[in-house]
Undergrad: 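Pasting a structure below so you can have a look.
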Amino acid sequence: MSTETDSAPALPVRPLPASSYFASRPPQPPRPPQSPLPPRPPRPPHVPQPAGGRGGSARTLTAAACLVLGLGLIGGAVAGSWLADGTGGGTAAERAFTRGGTLWRTVPVDELFPPALRGDAAGPGGAERQWTRIGVAPDSGCEEAFDPLLEKALAPVGCARLLRATYTDATSTAVTTVGLLVTSADSRGMRDLRRRFADERLDERTDLMPRPYAPRGTVAERFGAAQRASWSVSVLTDAPAVVYAVTGFADGRTGTPPQPAALATRPGATTAPAQAGLGHEAAALAGRVEAGFRRALRGSGREDAR
């Protein structure tokens, strides 16, 4: 890029006269005179209001309304907190879950395991069933109550208490042990266990069966692990509990391939447990004990609310 400047002489610039632009415009007619604006009215003199006058009353009413509204909001919050928390144990569902872990201490055994039970349409083909309780085991831990793999599967929720009773049908040909395992898990632990049982179908595996309780001197005294023919396991999530039932023949026979109640109760099932109605026995008795446990749980909630 060149840095040299042009050597041509600059042309002279003639300035225009200062009045040349304005002199070229034609003369403009004069503007008509504008009417003046009306004068602003004078401001009225300030008259002070008495302390108990209208302005003071309005402010007083406004303050009172705000006070009432504030008290109402505070009262509503307190009432909502009381309804939600009750005695400080959380929501109603959380309090019910907590009560489920200690219910066995206060509910009579006849309420959890009634001396007699009846099931309309509880047998194969909708047949009626009746059961009589023939023994109640002392409440205990879970030692020797389950097959090893079932015990391992239940281990994450713990074993706070185990309650068991054994029933026989009206003909004394079938015997069923029903158990209520009270766990030490929280609601999340119970949900996780239920999900695992459902996803892995643990309640259908023959190597994960509960063991029977065989009271001596009854028709169930020969009811051992080898006599098990059908069973049911139900994991609750609204209470820390697992309800189960296991059924077999009262005559002590062996060699019957066990089948879970969920399969033995299907229409058209032809296995020995299905034909003998043992799957129906296990499912019906477990269902009735579970329903009784829930009734007792609701009853305890009403007692606490009084």
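Computed over heavy atoms, backbone and side chain alike; hydrogens, waters and symmetry mates excluded. These numbers were taken from a predicted model, which means no experiment stands behind them.
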Undergrad: Hey, is R129 close enough to D169 for a salt bridge, meaning N to O under 4.0 Å?
TA: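 Here R129 does not pair with D169 in a salt bridge, since their nearest N and O are not under 4.0 Å apart.
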Undergrad: I'd like to know if the side chain of E200 and the backbone of R196 have a donor-acceptor N/O pair within less than 3.5 Å.
TA: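 No.
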Undergrad: Are the side chain of Q227 and the backbone of T254 linked by a donor-acceptor contact shorter than 3.5 Å?
TA: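 No; zero donor-acceptor contacts below 3.5 Å.
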Undergrad: What I want to check is whether the side chains of W231 and Q259 have a donor and an acceptor closer together than 3.5 Å.
TA: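 Not at all, the side chains of W231 and Q259 share no donor-acceptor pair under 3.5 Å.
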Undergrad: So, the side chain of R228 versus the backbone of P210: is there a donor-acceptor pair under 3.5 Å, distance only?
TA: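 At least one qualifying donor-acceptor pair exists.
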Undergrad: Quick one: closest heavy-atom pair of L236 and M190, and the distance?
TA: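 Distance-wise, the nearest heavy atoms are O-CE, 3.2 Å.
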Undergrad: In sequence, state the C-alpha distance, the side-chain angles, and the governing distance for L180 and V178, and then conclude on side chain to side chain contact (heavy atoms under 4.5 Å, CB included).
TA: CA-CA 7 Å; L180 177 64; V178 188; over 6 Å; no
Undergrad: Would T237 and R191 count as having a side-chain donor-acceptor pair, cut-off 3.5 Å?
TA: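 No - no donor-acceptor pair under 3.5 Å links their side chains.
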Undergrad: Enumerate the disulfide (SG to SG under 2.5 Å) contacts for residues 198-256, please, sequence neighbours excluded, ordered by first and then second residue.
TA: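 Listed by first then second residue: nothing to list.
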Undergrad: Quick check on the hydrophobic clustering: are L285 and V246 connected, directly or via other members, by side-chain heavy-atom contacts under 4.5 Å?
TA: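 In one cluster: no.
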Undergrad: Atom OG1 of T247 and atom NE2 of H280: how far apart are they, to the nearest 0.5 Å?
TA: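 So the gap between those two atoms works out to 11.5 Å.
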Undergrad: Would you indicate whether the side-chain heavy atoms of S172 and T168 approach each other to under 4.5 Å?
TA: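 Side-chain contact under 4.5 Å: yes.
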Undergrad: Is it true that V233 and L208 fall in one hydrophobic cluster, defined by side-chain heavy atoms closer than 4.5 Å?
TA: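 Same cluster.
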Undergrad: Less than 4.5 Å apart, side chain to side chain, heavy atoms only: is that true for L154 and F146?
TA: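 With C-beta onward as the side chain, the pair touches.
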Undergrad: Would you say M209 and P258 make side-chain contact, with heavy atoms under 4.5 Å?
TA: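 Yes, their side chains come closer than 4.5 Å.
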Undergrad: Report yes or no: do W131 and Y244 belong to one cluster of Ile/Leu/Val/Met/Phe/Trp/Tyr joined by side chain heavy-atom distances under 4.5 Å?
TA: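 Unlinked, W131 and Y244 end up in two clusters.
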Undergrad: Taking the side chain as every heavy atom from C-beta outward, state whether Y167 and L117 have any pair of such atoms under 4.5 Å apart.
TA: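 Heavy-atom side-chain distance check passes, below 4.5 Å.
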Undergrad: State, yes or no, whether a side-chain contact exists between V243 and F293 at a heavy-atom distance under 4.5 Å.
TA: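 No - every pair of side-chain heavy atoms lies 4.5 Å or more apart.
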Undergrad: Please assess L163 against F113 for the test side chain to side chain contact (heavy atoms under 4.5 Å, CB included), listing each intermediate value before the final yes or no.
TA: CA-CA 9 Å; L163 313 175; F113 301 114; 3.8 Å; yes
Undergrad: State plainly whether one hydrophobic cluster holds both V235 and L162, where clusters connect Ile, Leu, Val, Met, Phe, Trp and Tyr through side-chain heavy atoms under 4.5 angstrom apart.
TA: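 In one cluster with V235: L162, yes.
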Undergrad: Please give me the minimum heavy-atom distance between G158 and S184, naming the atom from each residue.
TA: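 Smallest interatomic distance, heavy atoms only, reads CA-OG, 3.6 Å.
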Undergrad: Which heavy atom of P260 sits nearest to which heavy atom of D203, and what is that distance?
TA: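 The answer is CB-O, 3.7 Å.
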Undergrad: Which atom pair, heavy atoms only, marks the closest approach of P240 to A185?
TA: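 What the structure gives for the nearest pair is CB-O, 3.9 Å.
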Undergrad: Restricting to non-hydrogen atoms, name the atom on A286 and the atom on S232 that form the minimum distance, rounded to 0.1 Å.
TA: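 So the two residues come closest at CB-OG, 4.3 Å.
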Undergrad: Between E94 (side chain) and T91 (backbone), is there a donor-acceptor pair under 3.5 Å?
TA: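 Yes, because the side chain of E94 sits within donor-acceptor range (under 3.5 Å) of the backbone of T91.
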Undergrad: Could you state whether V242 and F197 fall into the same hydrophobic cluster, counting links through intermediate Ile, Leu, Val, Met, Phe, Trp or Tyr residues with side-chain heavy atoms under 4.5 angstrom apart?
TA: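 Cluster IDs for V242 and F197 match.
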Undergrad: Going through the distances and angles, do D139 and R164 end up as a salt bridge (charged side-chain N to carboxylate O under 4.0 Å, His left out)?
TA: CA-CA 7 Å; D139 57 274; R164 294 175 293 172; over 6 Å; no
Undergrad: Taking atom types as modelled, is there a side-chain donor on S234 or E290 under 3.5 Å from an acceptor on the other?
TA: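 Side-chain D/A pair, S234 to E290: present.
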Undergrad: Under 4.5 Å between any side-chain heavy atoms of F249 and R222, yes or no?
TA: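 Heavy-atom side-chain distance check fails, nothing below 4.5 Å.
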Undergrad: Would you call D147 and D207 a side-chain contact if the rule is heavy atoms closer than 4.5 Å?
TA: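 They are not in contact (no side-chain heavy atoms under 4.5 Å apart), so the answer is no.
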Undergrad: At what distance, to the nearest 0.5 angstrom, does OG1 of T271 lie from CG of L263?
TA: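 If I round to the nearest 0.5 Å, the distance is 8.5 Å.
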Undergrad: With no hydrogens and no angle check, do the side chains of T166 and T177 hold a donor and an acceptor under 3.5 Å apart?
TA: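 There is such a pair (donor and acceptor under 3.5 Å, judged by atom type) between the side chains of T166 and T177.
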Undergrad: Is the closest side-chain heavy-atom distance between L181 and R161 below 4.5 Å?
TA: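 No; the side chains remain at least 4.5 Å from each other.
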Undergrad: Do you know the tightest heavy-atom contact between G189 and V157?
TA: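 Shortest heavy-atom contact: O-CG1, 3.9 Å.
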